[in-house]
Amino acid sequence: MQTLRYLRLGVLLLLISSFFLVSHAASANLTIEITRGSDRALPIAVVPFADNQGLPEDVAQIIHNNLERSGYFAPLERGAMFERPNKSEDVQFGTWRSLDVRYLVVGDIETSEAGYRINAELMDISGQRRMLSESINSREGGLRGAAHRLSDQIFEAITDIRGAFSTRIAYVTAQGVGDNMQFGLYVADADGRNSQEVLSSDNPILSPSWSPDGRKLAYVSFETEQSAIYVQEVSSGQRVQLTSFDGINSAPAWSPDGRRLAMSLSKDGQPEIYLMNVANRSLERLTNSSSIDTEPEWAPDGRSLLFTSDRSGGPQIYRYTLGNGQTQRLTYTGNYNARGRFSPDGDDIFLIHRSNRGYQVARQDLDNDRLVVLSESTRDESPSVAPNGTMVIFATQQGGNGVLSAVSADGRSSFRLPAAQGDIREPAWSPFLN
């Protein structure tokens, strides 16, 4: 009976068992597949940037792809461009109006002492004005990063929302079958490229969680033959083991100030929510019930936490307020709601909701409790919200393999990040990195 309760909650046992269905090796980089476009996307064109030599990266195409997958923009394909200006003074506004283009990005790339100098301008076609002019120096290996930074600035100039293209994602891969399983913890750019393995293990890795400064990952590893929580620096690989209690050690979540980790521990019986001071490793127990309490998530202001509990008979999301210790149930739609994650402004939560179609990503407004299903897939898990709140990345199934997908916060657009082979789970979107 106890094992069935863990399975129903979708915690450790379910996640581990799902990995053992894998039979192929995971690819290093992920690829983007746009699966649904928004009918409200703004028409924009990104003209190929002029350069005086062949470059290892197509900067304009990276910007095009970033804007497209955001769901906010519908970029014009290059084959439909009548003209290809590279400077604002060469733009013929009438030409682009005839193509129903509202915004235009032009630019060029020059050789510089640092490697390259990328010059980009954003034009408002209807207003016939320049909205942005930016130059970025980049070495050859940094062209993708420069393209992401330009994408961030273009996105913010038009939407007034900070761009998140320069952020990163962490995820877990698995390969092999049975006793020959190999697990990897990877970090990649938000578009799935430039992947880097930060940990390889013969045992399962679960629940990666970024520190607020984006320099560390907390995660669960079974390398000591039981679950334990570790914290690892991404750049150096240095790590420490924070917990090794008997029973379950799971679901670490950083506080907004980076000083504490919320986690679920069963060292005193049932899984309960605890806080650990990272500096001295002192513990504070928050919940005390006969039910399973797991999957903590901090509110953006650090004053409360979400957690999943089956204390009402099935998995639902609750809110624990620090200071007074009050606990409030938040979800009532359906009999399964789990893995709650706050929007950056704290007004909404994103979660996994079991509908009549299956397990799907949903959004609930905390003011009116209205719950809206966002995803179209039916075996979703582990949602993680972009730091600007515009997208939610999650794990799901495609063709028998685990893949990563993302859906916009309004549900109007989505894309998929599959690997060429293998199983990918447990995504975590980083905070802003600068």
Distance-only donor-acceptor check, side chains Y359 and R354, under 3.5 Å: yes

S375 side chain vs V361 backbone, donor-acceptor pair below 3.5 Å: yes

Separation between CD of E223 and CD1 of I205, rounded to the nearest 0.5 Å: 8.0 Å

Any donor-acceptor N/O pair, S209 side chain to A218 backbone, under 3.5 Å: no

Note, D51 side chain near Y116 side chain (heavy atom, < 4.5 Å): no

From I118 atom CD1 to R149 atom CZ, the distance as rounded to the nearest 0.5 Å: 7.5 Å

Gap separating the CG atom of L150 from the CD1 atom of I62, nearest 0.5 angstrom: 10.0 Å

Heavy atoms of other groups near R259 CZ, more than 12 under 6.0 Å: no

Minimal non-hydrogen separation, A147 against I63, with atom names: O-CG1, 3.7 Å

No-hydrogen, no-angle side-chain donor-acceptor test under 3.5 Å, R339 and S382: yes

Beyond-backbone contact of L122 with L104, side-chain heavy atoms, under 4.5 angstrom: no

Under 3.5 Å: donor-acceptor pair, side chain of S264, backbone of A251: no

Whether F155 and Y72 hold their rings parallel, tilted or perpendicular, with breakpoints at 30° and 60°: perpendicular

Backbone N/O of A409 and side chain of R363: donor-acceptor pair under 3.5 Å: yes

I349 side chain reached by E297 side chain, heavy atoms, under 4.5 Å: no

Over 12 foreign heavy atoms within 6.0 Å of CZ, R303: no

Donor-acceptor contact present, side-chain E272 to main-chain K267, <3.5 Å: no

Minimum-distance pair of heavy atoms, taken over all atoms of E426 and S207: OE1-N, 2.6 Å

Heavy-atom donor-acceptor pair, W429 side chain to I393 backbone, under 3.5 Å: no

Least distance between heavy atoms, P56 atom then E140 atom: CG-CG, 3.5 Å

Heavy-atom closest contact (L286 atom, Y320 atom, distance): O-CE1, 3.5 Å

Nearest-0.5 Å distance, OH of residue Y336 to CD1 of residue I317: 9.5 Å

Ring geometry between F73 and Y103 (parallel below 30°, tilted from 30 to 60°, perpendicular above 60°): perpendicular

Enclosure of R215 CZ (heavy-atom neighbours >12, cutoff 6.0 Å): no

More than 12 heavy atoms from other groups under 6.0 Å of CZ on R285: yes

Shortest non-hydrogen contact from F49 toward A120: CZ-CB, 4.1 Å

Heavy-atom pair of closest approach, residues N388 and R162: ND2-O, 2.8 Å

Derivation and outcome, side-chain contact (heavy atoms from CB on, under 4.5 Å), residues R319 and L366: CA-CA 11 Å; R319 186 172 194 163; L366 292 179; 3.9 Å; yes

Pair Q270, S289: side-chain N/O donor-acceptor within cut-off below 3.5 Å: no

Working for side-chain contact (heavy atoms from CB on, under 4.5 Å), residues N66 and I154: CA-CA 10 Å; N66 284 340; I154 292 165; over 6 Å; no

Within-4.5 Å side-chain heavy-atom neighbours: H353 and Q360: no

Beyond-backbone contact of V407 with E376, side-chain heavy atoms, under 4.5 angstrom: no

Distance (rounded to the nearest 0.5 Å) between Q397 CD and D380 CG: 10.0 Å

Donor-acceptor contact below 3.5 Å, side chain S266 vs main chain I248: yes

Any donor-acceptor pair under 3.5 Å from S430 side chain to R168 backbone: yes

side-chain contact (heavy atoms from CB on, under 4.5 Å) between W254 and V231, intermediate numbers included: CA-CA 10 Å; W254 291 90; V231 169; 3.8 Å; yes

Check ion pair D410-R40 (N to O, under 4.0 angstrom): no

Heavy-atom side-chain proximity of L206 to S250 below 4.5 angstrom: no

Flag, side chain of R329 to backbone of T331, donor-acceptor distance under 3.5 Å: yes

Gap between atom CG of D365 and atom CG of D348 - 0.5 Å precision: 5.0 Å

Intermediate values then yes/no, side-chain contact (heavy atoms from CB on, under 4.5 Å), L55 and I109: CA-CA 9 Å; L55 300 180; I109 303 175; 3.4 Å; yes

Side chain D310, main chain I292, donor-acceptor under 3.5 Å: yes

Y318 and F307 aromatic ring geometry - parallel, tilted or perpendicular at 30°/60° bounds: parallel

Heavy-atom side-chain proximity of S70 to T390 below 4.5 angstrom: no

Sub-4.5 Å side-chain heavy-atom contact between R281 and T243: no

